[in-house]
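Okay, structure first, notes after.
To find a chain, count down the sequence lines: A is the first, B the second, and so on, and within it residues start at 1. Reckoned from all heavy atoms, side chains included, excluding hydrogens, waters and symmetry mates.
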Amino acid sequence: MFENLTDKLQRVFKNLRGQGKLSAEHLDAALGGLREAMLDADVNVAVVDEILQRIGEKALGAEVLLTLSPDQHVVKIVRDELGFLLGDQSKPRFASRPPSVWMLVGLQGSGKTTTTGKLAKWLASTGHRPLVVSTDVYRPAAREQLAQVAKAIGLPCWAATGMDKPLDIVRGAIRESKLSASDVVLVDTAGRLHIDDELMAELQMLKRELQPAEILFIADAMIGQDAVRSAGEFHKRLGLTGVVLTKLDGDARGGAALSIRKVTGAPVKFVGIGEKYDAIEPFYPDRIVSRILGMGDVMTLIEKAEQHIDQKKAAELARKLRHDDFTLEDFRDQLAQLKKMGPLEQVMGMLPKVGPFANIPRDTQVDEKRLKHVEAIINSMTAEERDDHSLIDGKRRKRIARGSGTSVQQVNEVLRQYMTMRKMIKQYGAAAARGKLRGLGKFSGM
Amino acid sequence: MITLFGPPEPTLLERLKESVSKTRSQLAGTVETLLAGERQIDPALLAELETALLSADLGPRTTREILSAVKEKVDRQALTDGAQLKAELKSQLVGILQEPAGSNGKSAAETGNDPRVTFIVGVNGTGKTTTIGKLANRLRKEGRSVVLCAADTFRAAAIEQLAIWAERNGVQMIRQKPGADPAAVVYDAVAAAKARGTDAVLVDTAGRLHTKSNLMAELEKMKRTAAKLVAGAPHDILLVMDATTGQNGLNQAREFTGHVGVTGIVLTKLDGTAKGGIVVAIARELGLPIRFVGVGEKIDDLVPFDAQTFVDSMFE
């Protein structure tokens with residue numbers, strides 16, 4: 001069955017754990033597992049072998065850090081190597097004189113038109129005045145699609161009515177951008193195969209005309225080994241300045257990001273993470289390495305938490321934790337805050353797959369309905385009951401069940417969950433106070 | 001001629017061979033170099049072969065299985081030279097692709113007087129709408145009457161795109177407004193086809209990632225709706241997969257099969273350099289048959305899949 005890179009690495013490193021020294025034999029086993037994992041993640045086989053060779057050399061070489069155990073050491077090397085390969089975060093480029101032209105190129109179906117809409121929306125949200133235009137005169141209804149996308153996000157689209165030559169269309173768009181004082185023109189090009197000489201030549205012609213600030217290669221996160229060839233050819237012809245990885249909201253590991261970076265040197269600048277037009281974000285190389293290596297997308301999770309969690313309530317909760325008076329009322333608040341962070345499945349997916357979260361089943365559906373029941377149950381309690389759960393006897397449980405339209409069993413279940421959480425929080429609080437978060441220390445050092 | 005209504009006839013095999021072999025040049029080239037002449041079978045040769053199979057997106061497990069079977073024969077000295085090795089590899093691949101489907105991949109039998117309903121499903125951007133245009137063309141050439149169902153009510157201009165294909169094929173299309181319930185469009189289309197005595201309904205669905213449970217549930221609802229009007233409908237659920245897809249293709253096939261019961265794969269965009277080797281892994285692990293391959297942008301660039309031809313063209 002499918003096992004993702006994260007799980008696989010963890011299995012490999014679990015075997016390494018407890019070893020005092022990293023032997024060549026263990027390293028071989030680790031690298032073998034790493035190879036299969038990366039291949040499963042669609043990193044190109046040539047790229048994989050090159051990475052592994054370097055990792056092997058470094059792991060056996062002189063750079064041994066005395067503070068790390070062998071498995072931590074290998075993880076650190078792998079992490080550094082992948083991070084190095086992906087490069088630093090890279091900002092989008094603009095021309096010194098407007099309009100800046102961004103050309104979006106790629107294979108058919110990689111998501112160019114949707115990404116054009118998303119980028120336009122993102123640009124508008126950062127104070128730019130984007131204009132979008134489609135030069136796809138080939139695919140049925142392609143230009144109509146971009147027009148509808150632009151309408152949906154409320155931004156202008158140059159329709160180029162009556163024109164059917166890409167060059168005429170972009171010239172018209174540049175003129176229009178000057179009239180409407182748009183500072184970025186997003187050019188959505190037709191999807192094409194990298195071996196289609198005629199259409200590739202068309203892109204080169206458009207590039208000469210437009211002198212774009214960005215030529216973005218739009219790549220599907222699910223693409224396999226061929227990514228190196230298509231991206232490589234687009235790069236050879238056009239000189240790519242950046243990559244947008246789309247459809248990353250699925251379960252593809254996105255190993256192609258490594259392959260494409262390797263053959264083009266172009267940094268991934270944005271990632272598409274959903275069907276809505278605001279589902280695009282800047283790419284953070286260290287985050288995707290973390291995700292690949294099993295730390296989960298912790299940074300994104302933290303950011304989300306910061307955006308959605310009420311700081312005052314969080315401070316209040318912290319105070320309560322110290323004084324050991326975490327009540328059912330607080331329990332309800334916690335659930336409400338959790339819900340604000342978005343669909344629970346998405347939040348779960350960002351959790352690391354090691355440490356305290358290792359045993360959370362990832363494929364089970366988080367039942368949002370059950371959360372509603374929990375809320376209803378707590379809402380049906382009196383203020384006194386919420387303050388002191390020990391008041392809630394059998395009779396009160398019956399009343400609460402009736403009031404919330406649930407059963408006594410469900411009420412019991414909620415109380416049990418509350419008690420567990422209370423206990424966990426107590427332990428966590430005590431541990432944090434002593435500065436001994438041993439379980440967390442293991443991967444915070446990676 | 002069309003496997004939607006019966007067994008495939010190898011009429012267009014030469015064509016497939018031609019376009020596929022063009023795209024297989026790298027793998028074929030590698031294998032040719034490896035196997036030409038007097039080259040001995042040694043670990044280095046097997047390693048190069050492994051790289052070639054991995055580059056074709058067969059995936060680490062499938063590659064390992066094929067190679068270990070080959071290695072075992074080499075060890076028994078059943079294979080002694082490059083030519084034998086090549087024949088053995090081919091037969092391994094054909095064996096996997098021809099293996100009878102298990103419980104998966106069974107399309108419903110005869111439909112009597114009712115229209116035969118086919119759902120076209122898949123993740124975003126694999127070429128579902130284009131495939132419908134090409135399938136409609138095949139059915140028309142076969143003398144079948146066709147209704148297209150514009151059940152992708154989500155993506156911008158998806159309905160317009162399908163309408164152009166309907167016009168090119170001279171067939172009718174049933175549509176509602178963008179944003180309408182896709183199951184309602186399915187209802188309209190199947191009811192219309194039934195009333196008019198149409199032979200086939202091709203249902204275009206919105207691209208959806210297999211991990212989105214709400215969208216998979218939507219597909220299940222569309223399936224139930226079709227079954228209400230015509231017993232056994234949808235008779236086929238074809239999963240459209242892009243030949244550039246990597247190992248995630250297995251998850252796609254597994255999830256779509258789990259939710260709605262895929263009856264076959266359509267492998268598109270095989271005219272590029274991507275090899276589409278993921279279908280070998282899918283056939284091996286899920287027993288799903290590959291029904292058609294897309295080999296170009298023209299309306300007749302869709303041909304029935306044939307395992308022997310597919311594998312032969314990898315090595316020629």
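- Minimum heavy-atom separation, B:Ser55 to A:Gln225: O-CB, 3.3 Å.
- In this model, a donor atom of one side chain and an acceptor atom of the other lie less than 3.5 Å apart for A:Gln108 and B:Glu297.
- To the nearest 0.5 Å, the span separating CD on B:Gln161 from CZ on A:Arg139 amounts to 4.5 Å.
- In this structure, the portion of B:Gln252 lying under 4.5 Å from any heavy atom of chain A is its side chain and not its backbone.
- For the options A:Asp220, A:Thr246, A:Ile223, heavy-atom pairs under 4.5 Å to chain B are most numerous at A:Ile223.
- Taking NZ of B:Lys212 as the reference point, atom CG of A:Asp249 lies at 3.5 Å (rounded to 0.5 Å).
- To the nearest 0.5 angstrom, B:Asp57 atom CG is 6.5 Å from A:Asp42 atom CG.
- Residue contact with chain A, scored on non-hydrogen atoms closer than 4.5 Å, involves the side chain of B:Asp242 exclusively.
- No donor-acceptor pair closer than 3.5 Å links the side chain of A:Asp226 to the backbone N or O of B:Thr244.
- Heavy-atom minimum distance, B:Ala156 versus A:Val149: CB-CG2, 3.9 Å.
- Looking at A:Leu107, the atoms closer than 4.5 Å to chain B (heavy atoms on both sides) all sit in the side chain, from C-beta outward.
- Taking every heavy atom of both residues into account, A:Leu39 and B:Pro60 meet most closely at CB-CG, 4.0 Å.
- Proximity of a side-chain donor or acceptor of B:Asn248 to a complementary backbone N or O of A:Met222 within less than 3.5 Å is not detected.
- With a threshold of 4.5 angstrom between heavy atoms, B:Thr126 does not approach chain A through any atom at all.
- The two residues B:Gly125 and A:Lys247 come nearest to each other via the heavy atoms CA-NZ, 4.0 Å.
- Within the model, atoms CZ of A:Arg35 and CG of B:Leu54 stand 6.0 Å from one another, a figure rounded to the nearest 0.5 Å.
- If you check the side chains of A:Gln148 and B:Glu160, you find a donor sitting under 3.5 Å from an acceptor.
- In this structure, A:Glu275 and B:Arg155 have side chains that are not in contact, with every pair of non-hydrogen atoms separated by 4.5 Å or more.
- A 6.0 Å sphere centred on CD of B:Glu167 holds no more than 12 heavy atoms belonging to other residues, nucleotides or ligands.
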